[in-house]
There are 2 protein chains.
Amino acid sequence: MEFPTAAPPTLLGVTSYLLSLNGKAARERVTTRLAGRGLRLWHMAVLAALVDFGPHAQRDLSVRLSVDPSDMAKVIDQLTTAGHVARARDGADRRRVLVTVTGSGRDLLARLVDEATAVDEIVLADLTAAERGQLHALLLRVFTAARAPGVASRS
Amino acid sequence: MEFPTAAPPTLLGVTSYLLSLNGKAARERVTTRLAGRGLRLWHMAVLAALVDFGPHAQRDLSVRLSVDPSDMAKVIDQLTTAGHVARARDGADRRRVLVTVTGSGRDLLARLVDEATAVDEIVLADLTAAERGQLHALLLRVFTAARAPGVASRS
DNA sequence: TCCAATCGTAGGTTGTCACCCACTATAGGT
DNA sequence: ACCTATAGTGGGTGACAACCTACGATTGGA
């Protein structure tokens, strides 16, 4: 007989802790899937940003996704050699490099979103469709609230 | 004017991704607080397990919390020198070390839970009490579902 | 009595992540 | 023409978490 593996109720009473646990588990599931294609979360994030908002200068991409510019350069590098994005010097400002999604990149993103959705199916297996919607909406509000500089954001 | 920092809707449509983002943020907030006391999440987890379930052998603790036994030894070490738990050889099986919470440990846990609750206040600031309850309940179900070996668990 | 298995422990390895610095190329004002 | 600021890039660093190994002490059964 194995020793009981039940988690301490005291911890499970803290929403932040629960959020942290579930986040870690979900992150692992998604990254494992992406690793099968030799990709990381940032690759998916960059593709999504480009598809959703159009071409970006590298700097703007790193600002939008809150990544260090030097790290962004490496991610773009890999996506470029794989043919999923294309680099092009900005004619107006030759310091800048405009990054654009290729058709291959769009296809890849679609497939990655499919995989992520499949992960959702597993993670949220016990919830009804309505509950999944509730959870998603609540998480979205928590997320956007964290991004807002607070009610007193002016300047 | 800064470049817009809005996240890609494509990503925000994936619940697992949202879970991962919020989990990371929550984890950072909690760990930062604990770091102020020179503690880590595992310290809190161990204290909670001991308070909730009573004394454990070290191995049982590591099983319950899914930590490597050698890592658990280090955590217990720190908690012991800080006086929050006490080690004692198991008389019946002298290989085993029984770990018990001290009064100091109970007090500490109470304070740590207070801190974690304070983090909840910040993270969930935009939600009503009812919504926080909903979110917590949904997260709990997702978590416990992930732990269960699935419906087809027999063996 | 002996032997395989188990417990705690010390130490090291690996991989990841975020961050930081230095350098070149370019821009844009004065 | 000069000088400061910015864009991209390569390389490195420190923190950290998960894991693995080897070892002495102890157990329990053959």
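Each chain gets a letter, A, B and so on, in the order the sequences are listed, and its residues count up from 1.
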Distance, rounded to the nearest Å, where [X] contributes [atom1] and [N] contributes [atom2]:
X      : N       : atom1 : atom2 : answer
Q78(B) : dA10(C) : CD    : C1'   : 14 Å
R59(A) : dA5(D)  : CZ    : P     : 15 Å
L79(A) : dT9(D)  : CG    : P     : 13 Å
D90(B) : dG8(C)  : CG    : P     : 9 Å
D77(B) : dG8(C)  : CG    : C1'   : 10 Å
F3(B)  : dT6(D)  : CZ    : P     : 17 Å
M72(A) : dA18(C) : CE    : C1'   : 13 Å

Sugar-phosphate only, base, or nothing, as touched by R89(B) at under 4.0 Å among non-hydrogen atoms: nothing

Salt bridge (Lys or Arg N to Asp or Glu O under 4.0 Å) pairs, two or more places apart, involving residues 43-63 of chain A: D60(A)-R96(A)

Protein and nucleotides 14-20 of chain D: nitrogen or oxygen contacts under 3.5 angstrom:
from    : atom 1 : to     : atom 2 : distance (Å)
dA17(D) : OP2    : R40(B) : NH1    : 2.8
dA18(D) : OP1    : K24(A) : NZ     : 2.2
dC19(D) : N4     : D71(B) : OD1    : 3.0
dC20(D) : N4     : S70(B) : OG     : 2.7

Donor-acceptor contact below 3.5 Å, side chain D90(A) vs main chain L98(A): no

Test salt bridge (Lys or Arg N to Asp or Glu O under 4.0 Å) applied to R106(A) - qualifying residues, sequence neighbours left out: none

Results of salt bridge (Lys or Arg N to Asp or Glu O under 4.0 Å) for R37(B) - residues two or more places apart only: E115(B)

Residues R29(B), I122(B); criterion side chain to side chain contact (heavy atoms under 4.5 Å, CB included); working and verdict: CA-CA 9 Å; R29(B) 285 180 192 271; I122(B) 299 173; 3.5 Å; yes

R132(B) bridged to E121(B) by N-O distance under 4.0 Å: yes

Pairing of D114(A) and R111(A) as salt bridge, 4.0 angstrom limit: no

Strand-adjacent residues in residues 91-100 of chain B, judged by heavy atoms under 4.0 Å from DNA chain C: R95(B), R96(B), V97(B)

Pairwise side-chain contact, E131(B) with D126(B), heavy-atom cut-off 4.5 Å (strictly under): no

Pairwise side-chain hydrogen bond (donor to acceptor under 3.5 Å, both in side chains) hits with a residue in residues 78-88 of chain B, at least two apart: H43(B)-Q78(B), Q58(B)-R87(B), D77(B)-R87(B), H84(B)-S104(B)

